[in-house]
Amino acid sequence: MEIRYGNVYMTITDLEKKLPVYLTCVGKWSNQYPLERTDGFPDYQWIQCTSGQGILEMNGQKYMIEPGQGMLLFPDVPHRYYPQIEPWEVRWMAFNGTYVGEMLRSLEFNSSRIITVASPDPLLKHLYELHTTAHSAEPLKSVKCSSIIYAIIVDLYRYGSNVDLRSKQQYFDQLSPALRFIESHYNEAITLNDLASRLSVSPQHTCVLFQMTLGLRPFEYITGVRLSKAKELLHREPHLDIGELAGRVGYESTSYFIKVFKRIEGVTPGDFRKRFHNGRE
């Protein structure tokens, strides 16, 4: 269904300012007109192209914006954009909040940039929902808008990449056979060759894929899965012997399992179990 109402500008109250992220305005242009902001814009912006083609000028560079791409613009950064092939249709939102900068930086969005979106539809669906919610008469619509913006930011991380780079989702898709293998065989001895054979790549490239996708080496990820399973067992079977527990999550040596568990969790498996069953966790 097409949105038939115009751009929506939110009233910003103390309620909105308490939210980690809040919407300031949202809308759509059937043909984006030329716009120059010599002092930038006070809020963060996501402007997603749906048809046509435009040009963004920023930091002395020109960037082409086509369908499947968008502009993530940080506050107070001078920029100019205008259509190249008309109609240049875009959907957009402007947002702010105390924790927005920190949130974006944690997802490796450190500055204004062009983002290529591998799967544009989820973001467009969220933008439609955001526009509809902002236009509604719901008394707490700003709270719902906040959650939708968060979903959009996460989707930008999931599906987006810098121009000519693959998206996180594509890396996850390639890595998923190895992740499924680990999930099914975490209680067995797993070698790097086991993982590489599931991916049909070399062991070295397997390490690269894990690092680029998860920021972890393969065996760091395996350890994380094993300890997660161990914590589940500690919760579910409070009388399970620690030695048996170690074996059930892939550790032949009980002492080594305890050492690894304490290094990562900060407590021994026994102490972890006591804390949980004493109601402190």
Side-chain angles (χ1 to χ4, degrees), residues 1-8 10 20-33 43-56 63-74 81 83-95 97 100 103-104 106-109 112-136 138 141-177 179-180 209 212-214:
M1 179 184 292
E2 187 57 57
I3 296 176
R4 298 190 179 280
Y5 40 82
N7 302 328
V8 180
M10 303 292 284
V21 53
Y22 59 83
L23 180 70
T24 59
C25 46
V26 60
K28 169 193 171 181
W29 294 116
S30 297
N31 188 19
Q32 173 66 61
Y33 58 88
D43 301 317
Y44 295 86
Q45 299 174 82
W46 169 245
I47 305 169
Q48 186 167 342
C49 174
T50 54
S51 68
Q53 187 181 93
I55 300 292
L56 169 68
Y63 306 91
M64 186 178 298
I65 317 296
E66 301 178 310
Q69 295 181 316
M71 303 176 275
L72 179 63
L73 302 177
F74 277 48
Y81 51 81
Q84 178 81 355
I85 297 177
E86 299 185 77
W88 184 32
E89 183 180 276
V90 299
R91 293 188 183 275
W92 56 270
M93 68 173 183
F95 57 102
V100 174
M103 185 189 311
L104 290 170
S106 72
L107 297 177
E108 301 173 2
F109 298 131
S112 300
R113 65 187 60 199
I114 306 305
I115 297 178
T116 298
V117 183
S119 299
D121 287 347
L123 277 94
L124 292 173
K125 181 180 178 181
H126 284 314
L127 284 169
Y128 175 88
E129 183 183 7
L130 185 66
H131 203 165
T132 302
T133 302
H135 187 259
S136 73
E138 293 183 36
K141 64 184 180 182
S142 58
V143 176
K144 185 175 180 181
C145 286
S146 179
S147 67
I148 298 170
I149 295 171
Y150 180 81
I152 290 172
I153 292 172
V154 171
D155 276 351
L156 284 175
Y157 176 71
R158 181 180 181 186
Y159 297 111
S161 67
N162 292 331
V163 179
D164 298 329
L165 295 179
R166 300 171 65 197
S167 73
K168 282 283 184 183
Q169 184 64 44
Q170 289 172 302
Y171 283 119
F172 270 111
D173 289 344
Q174 185 176 359
L175 196 59
S176 60
L179 301 182
R180 288 195 296 268
L209 280 173
M212 293 183 71
T213 308
L214 302 171

Contact check, side chains of [X] and [Y], non-hydrogen atoms, under 4.5 Å:
{"X": "I65", "Y": "W88", "result": "yes"}
{"X": "S146", "Y": "F95", "result": "no"}
{"X": "L56", "Y": "L73", "result": "yes"}
{"X": "Q84", "Y": "M64", "result": "no"}
{"X": "L179", "Y": "L214", "result": "yes"}

Are the side chain of [X] and the backbone of [Y] linked by a donor-acceptor contact shorter than 3.5 Å?
{"X": "T24", "Y": "A94", "answer": "yes"}
{"X": "Q32", "Y": "W29", "answer": "no"}
{"X": "N31", "Y": "E89", "answer": "no"}

* Asked: Would you call the rings of Y44 and F74 parallel, tilted or perpendicular if under 30° counts as parallel and over 60° as perpendicular?
  ->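 Y44 vs F74 ring planes: perpendicular.
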Residue pair [X] / [Y]: nearest heavy atoms and the distance that separates them:
{"X": "L127", "Y": "R91", "value": "CD1-CB, 4.0 Å"}
{"X": "M10", "Y": "C145", "value": "CE-SG, 4.5 Å"}
{"X": "T50", "Y": "V90", "value": "OG1-N, 4.2 Å"}
{"X": "G27", "Y": "H131", "value": "CA-CE1, 3.6 Å"}
{"X": "Y81", "Y": "I47", "value": "OH-CD1, 3.6 Å"}
{"X": "P67", "Y": "G52", "value": "CD-O, 3.1 Å"}

* For Q69 and V117, what are the C-alpha separation, side-chain angles and deciding distance, and is it a side chain to side chain contact (heavy atoms under 4.5 Å, CB included)? -> CA-CA 6 Å; Q69 295 181 316; V117 183; over 6 Å; no
About how many Å separate [atom2] of [Y] and [atom1] of [X], when rounded to the nearest 0.5 Å?
{"X": "N7", "Y": "K28", "atom1": "CG", "atom2": "NZ", "value": "10.5 Å"}
{"X": "R158", "Y": "L123", "atom1": "CZ", "atom2": "CG", "value": "10.5 Å"}
{"X": "W46", "Y": "L156", "atom1": "CH2", "atom2": "CG", "value": "5.0 Å"}
{"X": "H135", "Y": "T133", "atom1": "NE2", "atom2": "OG1", "value": "11.5 Å"}
{"X": "I153", "Y": "L107", "atom1": "CD1", "atom2": "CG", "value": "8.0 Å"}
{"X": "K141", "Y": "I148", "atom1": "NZ", "atom2": "CD1", "value": "12.0 Å"}

* If you count the non-hydrogen atoms of other residues, nucleotides and ligands that lie under 6.0 Å from OH in Y63, is the total more than 12? -> yes
